[in-house]
Every structure is written in structure tokens, then in C-alpha cells.
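To start, the structure under review is shown below, and the notes come after it.
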Number of protein chains: 2
Amino acid sequence: MITRMSSLFLRTLREDPADAEVPSHKLLVRAGYVRRVAPGGFSWLPLGLKVLRNIETIVREEMDAIGAQEIQFPALLPKEPYEKSGRWTEYGDSLFRLVDRKGADYLLGPTHEELFTLTVKGEYSSYKDFPVMLYQIQTKYRDEARPRAGILRGREFVMKDSYSFDLDDEGLERSYQLHREAYIRIFDRLGLDYVVVAATSGAMGGSASEEFLAVSSTGEDTYVRSDTSGYAANVEAVVTPVPPEQSVEDKPAAQVHHTPGTPTIETLVDFLNNADMGRTFTAADTLKNVLVKTRMPGEKEWSLLGVGVPGDREVDLKRLEASLAPAEIALLEDTDFAANPFLVKGYIGPAALQANGVRYLVDPRVVRGTAWVTGADKPDHHVVDLVCGRDFTPDGIVEAAEVREGDPSPDGKGSLVAARGIEIGHIFQLGRKYADAFALDALGPDSKPVRITMGSYGIGVSRLVAAIAEQYHDDLGLVWPRAVAPADVHVVVAGKDETIAEGGERIAAELSERGVRVLLDDRKATPGVKFADAELIGVPTIVVVGRGLAKGVVEVKDRATGERTEVAVDSVVEHLLEVVRR
Amino acid sequence: MITRMSSLFLRTLREDPADAEVPSHKLLVRAGYVRRVAPGGFSWLPLGLKVLRNIETIVREEMDAIGAQEIQFPALLPKEPYEKSGRWTEYGDSLFRLVDRKGADYLLGPTHEELFTLTVKGEYSSYKDFPVMLYQIQTKYRDEARPRAGILRGREFVMKDSYSFDLDDEGLERSYQLHREAYIRIFDRLGLDYVVVAATSGAMGGSASEEFLAVSSTGEDTYVRSDTSGYAANVEAVVTPVPPEQSVEDKPAAQVHHTPGTPTIETLVDFLNNADMGRTFTAADTLKNVLVKTRMPGEKEWSLLGVGVPGDREVDLKRLEASLAPAEIALLEDTDFAANPFLVKGYIGPAALQANGVRYLVDPRVVRGTAWVTGADKPDHHVVDLVCGRDFTPDGIVEAAEVREGDPSPDGKGSLVAARGIEIGHIFQLGRKYADAFALDALGPDSKPVRITMGSYGIGVSRLVAAIAEQYHDDLGLVWPRAVAPADVHVVVAGKDETIAEGGERIAAELSERGVRVLLDDRKATPGVKFADAELIGVPTIVVVGRGLAKGVVEVKDRATGERTEVAVDSVVEHLLEVVRR
């Protein structure tokens, strides 16, 4: 196939668009792949649509290869199933809602768990029908608060979402692994540099959820990885290594000290080190107790929760939230302190909390035998050498403390470093949440109903175009990996001479006959303009047909390496076939 | 490729769905191609999606072949461009409107004239850039008052919409013809029985608009065709043949008669035939004058309009509307009669209308020299022998009278018969409506701006699945034409014997290796169930591998003709390859 630039609907831009911040956005607009139509809404111009379709094809092939079956749902969906699952309200402002001419409520689907569950329930009923994996490649909608970075975070985007339905946990694990392997093949074929990060701490059991992040400094997702091993995880999913327990026998007794004017960790440590106590304290020796309130979904009443973390760390609310999920958490208001006078701001200790029935969870570092400086539950007083397991016994542990670069890697190998990535895939063992909501059962061999367990798996297909562009570009423009490039070979006719134009046409025609996708620059433009556009557009192999043709040679340029080779015009098609198939 | 029914996400139904009225809806649901998700919203199950994709591919190939370039817009669109074109309000309740989290107005695109116009304006500026043709295959939304007939009239559907941009009328005509020819190739390849009907009376110039209708008794669109020639047209587009003018000299003078109690044509004709007038009158001899009011878009004031049609015909408001477009029309209310006392209900004649400055248009049959019985503008009085061109001179002619079966065909060949069809395509010379709205100009060779002229062209891609099913089915199920069938060959393993299963597998594998798309019924089900499903699903060629295998034969059945052939198992693959490629 030959795409002629003389008639291609394409105008490249020399300037970056004013609203673009990240390289992929700048280059995809400048090279004429996409255009902005609305906040978070883009049109795909011919070259962009080719890249998008190439990615879709790879995703489809790998999904088919694991036995997943493609179907397609509407994007415009009735409210009822989403009300039943709770997502109609849970999604909040991120859900596009609308009302039809008859006053019925509708939404634009963000993902389709509800519909897939209902459809499987509608078709299947026997244990013999399972397992089944279904997917769609479909336009999705989310009313993002801040659509950004072009197609990296749009409000209308293309997603592959798939769902697995199994009779038991082993089946779910199998479906999950099939998807995991398919995703690895997909992202490998796309040439991406990516990491698979644990997305939950594993409280729900093993690899309940993992994210695929394309490594990129412009990514929105922060993750940590070991500087030594292959360990990588979402910050929310980092499991703090637990130090060994210590004996409580040989520790000095707890002592309450008058520590006037020390409501913060910093003032406290200063005070202690200025007092003549015969030893030096650091913030890590203190136990900071933070109060929040929590409630489970559907509950009306909030309960107080105390969270104890080493004083050198802040509580990371996203980590705390992930640890306590599905419970909601909220910060305390003044009225809460007023209603609970035992909470002495700045001087809260475990004693008053537990005496007043407040659940008290601590950081995993707070193990039996560790001694802490913490609040003594009255103004201007702290207790020193309060020993865990002797002077107080927490109600449990919680991952709430911030993760920092330099922290030991949870796998025991090396230290953590922070990195940024673009979420391109997410695999998730849903379990029975939706099966419960819609009573999705299969009749077992014993004629008893078996509740189905589900997985959901997503790939941001349109986002991948931008993620690849983030990793594959240079100062001059895009540098597509061959698997997704809008063409295999970019033939540039460089010169006004009729024979040069004919030479370009002939090479393009021969390549096309051999199944090579050719972009032919047959425009009336200067070689300089054509070269700049070829670099910008980023087809992997560029053939310059110019003055050398008189001597029987053309120039073949590798867009990625910049390497130029003079090739005899008689053998250039064979040469290019080899390059393309490499 | 082999699709195995043992794992295919498919459950066929023996009963018609309760809400289905037309055969395509019943069969597509029963055979497991689609499922209803919401009013006018359907999901595509695996077999349905295959058919839809096959159609998309044919449409894409033919659009590419005429040089149209594929791009893709969002479905969620900002209000502003549609406000500028007027369609934000013109579309009325049929437009899905919504508000985003910031309170901005959005819509779900019904078609994309505005966005294509703006995009071309954004990229192109010189006359050298034109012509250009762009298209998309995309999900569209219309809040139909009565979604019906399954995917024939949904609220979310797949459409191919394309747009041509030309510098002049000749260019537009060329782009229009290119589309017309592409549409003919597409619908021919799909095996459809269809007609191309004139969609407007040609007042805007020649073939300004044509519709492609799949012939179907269940279609929503009524059209007329000649019983003799190839003439076909929308009822709105029928041009009434004009009878020859007559001399006004030899006609008797007009006489006003007292015709008490004759406010209707029927009572009038009865009265006249009972009066001793020496001749017989029919309704066709009377001239019925109907009053409406009209105004042009943007006007506030309504004007009265008198429409005179032969008394044996009703005024067809859709035809009148099409004739007067873009003017709005409305029926008169009592207040209008009160405000215009010269309008004597039941006895209105041309005289009072024209004396009071009311525009008066007549049916094309009312030519010079024709004599009429019509109202005398006072109660209980009519005038007989009122001769056009002698006693009154209309302000013009108008196509407003109903079209009836038996009317002479406008091309002079035969009579009209009414027929029904499903609109599957529409090609339309838009002209400069949108170019004017968005000031889409190209700088001409003389540096003066040239206003672009546009065409818009649509194909109902998802509707085609149903339109084809309407034409290709029988009592037992669907009977797909090969070009769109979900598979080429349906291999039925009919028997529990291990060798039979192996035989089926072998044939399927060999066919698949040779590029044939195979649906393999490898389920544990009785032959009866499998045969019924094969008929219902409608793959064009069915191979039954059963007991005959022991004797070295299998049965090949043509789904359409029902013809069965015993074929030696050794040569069946070659035989089928020939059938498939035929």
C-alpha cells in the first residue's frame, strides 16, 4: 500500500502547540497524528489512526491467542446495573451522566463489569459453560477533573477491557496468569520499556492486582523499585519489612516527662536532646499517633482510628486508604476533638486511645520489644521508653507510613528508588464483587449453585500511542518501533528532476507489491522540508531518492540510529525487504 | 481460523424474543448474534461482531478505493460548533445532550459535518489542497422517539460518514458520483437487493440527494417505483407529470352555485351530481384549497399560504414540507381563522386568497385551461368551471398532493407502485451550508478566497447487518451471503464416535490451513440440535461429518438452496475450497 503525501490529509507544524506539555503530545500534534477537539477529546488523523489500529491488532491477536472472545457493548448504558453495583454513585463526578428524551438516566461506560456480568448470566448457567473470557476494544468515557497530556489522559479513549469468569479461585488464578502473560507479549511486541508493579499489598491474596507501567519521566504514576533486584510496586502496595522482635525484659521502665511546648516531633526531639537524658533521640525514636475516622461502605456512623507511625515519617493517606479498603477514611474535625476530650492534640498516646475503645493500628516497624517516645495524653507531657508488647499492645498493624527512597526493598535486595510511569495495563482479581451484586451462579455437577469469581483486565489502547511516543522520540521527532509505525518505509523524492520522481515512484510501487507499507513523499516541496517532515513523522526506514540516482544509488536511513547507507538502486527493494522483515 | 462451538460464547434460542417484530431482529437474537442491553442499545456477541467487521471491511476498502481518507472523531462533542451550525436546537429531542463536571454543554454526535468542516479549515488553506474526501466508521447516537426493530433503528449505531470538500460545483458533482459508484459497489458486494431513489425533487439541481434503500417489506421508508421502468423515488421526491395546457377560449363561463351543506369534497360532489347540471362530477374535478402558514428559518412571523390540490387527493404534509424546505410549515389554528375573516372554512377559493395577498400555490395538474369546482369564499357556495389562466392565476406550483399507486410514473413509463425499504445509504450534495457557517475558504490562485462546497455521505453499517438478514433468511434461520458470513464453512460433527470427531477436526484443520474460516461444531450435543443450530446460524456451507465417514463420504450442504451433496472425504477440502472461492 502506498500512501501519497501529495494527497494525504496531513499538515505538519513547526511549532509546539501552546497547550502541550509532554513530548508525546507535542510531537503527535506537530506530526499531524491527532488534533484536539475538546478538553480531553482528540480526533485521529490518518497517520494517527494507522498507529492506533496497529496497536489494536496486536492487542486483539494476543487476546484471541489466550482464548478470550471479542464482543462489543454499547457505550451508552442504562443506570440500573450501575446502581445495583454501587458504581453509579461511587464514580462520583468522573461518570458522564445523561437523561434521555423520556427522562431515563443513562451513563457513558467507564468500564463494563456490570454488563459483562449480566451478559454471562443471561447466556450461561451450567458449570460446564465455564471458564469463559470475554473482551472488547471500545471507546470509554471518564469525566477527568484535569484531562492532560493530550491522549495520555483523555475523557474519551479507546480501551481493551476483558473479564474472566471462573468456577473457583484456582480458575481465576489461571485466567489471571493467562492475561498477565498476554500483556507481557503485547507490551514486548510494542517495544515498550515497562515494569509490572504490585498494585495492592496482597492483603486480598497474592497477586490480586498488578499494574503495567511504561517507564516515563512524564508519567502520572509514581512507583518504587529496588536498585538491585527486579522488585517494583505501586507506593500503595509496598510492604514494609518487619524488623526482628526484641526482648521486653532488659528495657528501662517507661517514664513520663514534662516536655513543655513540644506538640510537634521536631520540638519534641529538640527538647529531649537538650534535656540531660544521657542519650540522643531522633525522630525515628518517636511514635506519632495520627487520628482519622473510618466507616465501611453503607455504614452511617464513623469510628475513630488511631494510627501510630515512626515520627520521622508522615502518614501517606493513599497508603492508609489502600490498607483499609473498602473502608472510607476522613480526617478529624474540631467537633470530633471536642466530642472526645481524651484526645489531647499533640500529646496523644496509645493509653488514652485504648482506654477509650479507639482501635489503634501501628506501622509494621512497631514490633514487640521496640521502645518509643510518645504522647502521655496530657498537655506538655510525653512518655519515654514505652515498650511495645510490655506497656501497650496495638490492635494490629497497618501500612500507612510514607515510603521513601532509600528504604530497604521488601524483597530484601537493595534499596528502593522512586520512578514514574504511565499506566498502560491493569490486571485485577475482582473476586465475587460483581457476581454477588448480580447473583451470577453456575449450577454445579451436584445441582447446587456455584458463585462465579471474576477477573478484570484493562489496556489503555489509545494511551499506548502516547506512551510509545514518550519512549520513542528524539529532538527531531517521532521514532516509531516498526510494529506500530504508520508505514514501513518513507520514500522521499528529493529533487525536481523527472527521473528522480519516477525513481521514487518505481521503488514505492515495487515495495508495495511486495507487501511493504510505503509513505511516498511526492509533494512539490524542497528536500529540506521533506527531510524535516520525515524525521518528525518517524517512519523507521527512510529512503532518499535524489541526485545519487544518476549514479545508480539511493540513500537508506535508519530513523532510530541515524545511520545512512548508500544502496544501489537495483538492489534497494531487496535490501529494504530484509530491513523491514528483520 | 477455527471457531469452536464447544467454547464459543453462544447460546441459541428456540423461541423468538418477546419484543421482536421483524425477522432480522428475531433471528439475530435467536442465533446469538446480538443481545438487547437497553432501548435501542445492543451488544454484539462473537458471531455478530464478525459480521459487523466483515461489512466494515468492505465499506473501508471501497472508500479507500475512491481516495477517501479515514480519520476518527470523538463521539462526545462540545456544544459550540453545533450551536454555530444551528443543529444544537434543530435536532430537538433526537440529540443526546449532557453536561460535564464543569457545567459545559456536550452532545453525543449524530453526524459530524461541523467537526469535519472545522478540521479541514484547521489544516487546509490553499486551493491546491483541494479536493479532499474524509470519512470515519464510528459510533453514532440519536435519541430516537421509538427505537424499533432491533438494530434496524437503534439509538447507538455504527455509521460510515464521509464528507467531500471541493472548490466548485463540478468538483462536488465529481465527488458525489465517486461516492455513488462506491456505494453501488459496496451494496453489490454485500449481495443486497436495493434501489437508489431520488430523495429530493431536484429543485436544488439534479441529483442533489439520493437514498439507497434495501428492498424489504419491513422497511420504515416508503418509496414508489415504476412497474415498467427502473424509476424509483422517495414519495417526497416524486415529480408530478404535468398534463398539457388547454385552450381557455371554449370553456363555459364560471358560475357560482348555492351548494348548501357541502363543506367537504364528498358532500360537494354528491350535491352537484344530484343537482341537474347535465354532467357528472368526480372529486378529481374539484380544487381543494388547504391553508397552512410558513416561515423561513430565523423569521419570527408566519405567513399564510394557500395550497390547491385536486379534490380526490389529500395534501401530504411531508411532500409539502420537502417542497418548501427550508421553510417551516404549521397548520392554522382557530385564532388564525378569526384573524382572517375572508377565510370561509370549507368554501375557500382562489379569489379571496389572492385578493387578500395570500400566496397561492397549486398542484402541477392545475395547468392553464383546466376547469375546476372550488370554493366561492362564502358559506354554502361553490364556483363551477373556474378556469386556470382565465379566472385565476396561481402564484406558482407546489408538490403537495399525495402520491398514489397507479399514478403515472414521472419518467413516462408505466405506473407507480408503492414499496418499502430500509435506508442503508444516503448521499447528499450539502453545498455551502456548513462552509458558510464556519467560513471555510480556500485561497484561490488569484489570492481571493473561494468558499468550499461540501457533500455528505452516510452508510448505516450496523443497520446493514439487519438489512442483509431481512433479505437473507428463511423459516429455519439466517442464510448469510458469503461476503459477510461469520464463517465460510460450518463443520458439524454428527455422532459420538471418536473417528467422527477426529474426521471433523481433520477437515476443519485442513480448511483453516488453507485460509478458510471454519465454524466447528465440536459440542457434546445431539445431531438434531447441531443441525438446527447450523440452519439458524446461517453459515453458507455446512459439512456434516457423520456415519458416512465409515464409507469415506461426508455431506456438503448449501444453506441457501438446501442442496446436499455426498463428497468423498479425501477430496472434500478441495471441493470446499472451490465452493468458497466461487
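Proteins come first, then strands; the chains are lettered A, B, ... in the order of their sequence lines, and each starts at number 1.
- The contact between Glu144(A) and chain B is made entirely by backbone atoms, counting heavy-atom distances below 4.5 Å.
- Among Leu98(A), Leu45(A), Asp100(A), Leu77(A), the residue making the largest number of heavy-atom pairs under 4.5 Å with chain B is Asp100(A).
- Minimum interatomic distance between Gln69(B) and Ser7(A) (heavy atoms only, all atoms of both residues): NE2-O, 2.6 Å.
- Neither the backbone nor the side chain of Leu118(A) comes within contact range of chain B, judged by heavy atoms closer than 4.5 Å.
- For the residue pair Ser94(A) and Arg101(B), the shortest heavy atom distance occurs at OG-NH1, 3.8 Å.
- With values rounded to the nearest 0.5 angstrom, Arg155(B) atom CZ is found 4.0 Å from Tyr106(A) atom OH.
- When all heavy atoms are compared, the tightest approach of Glu123(A) to Phe9(B) is CG-CZ, 3.6 Å.
- Interface check for chain A: of the options Leu134(B), Thr139(B), Leu115(B), the most heavy-atom pairs under 4.5 Å are formed by Leu134(B).
- Between Ile71(B) and Trp44(A), the shortest heavy-atom distance links the atoms CB-O, 3.1 Å.
- Of the listed residues Thr3(B), Leu49(B), Leu13(B), Leu47(B), the one with more heavy-atom pairs under 4.5 angstrom with chain A than any other is Leu49(B).
- When every heavy atom of Tyr124(B) is checked against every heavy atom of Leu10(A), the shortest pair comes out as OH-N, 4.3 Å.
- The minimum heavy-atom distance between Pro74(B) and Gly41(A), with the atom names listed, is CG-C, 4.0 Å.
- For the atom pair Ser6(A) OG and Lys128(B) NZ, the distance stands at 13.5 Å (nearest 0.5 Å).
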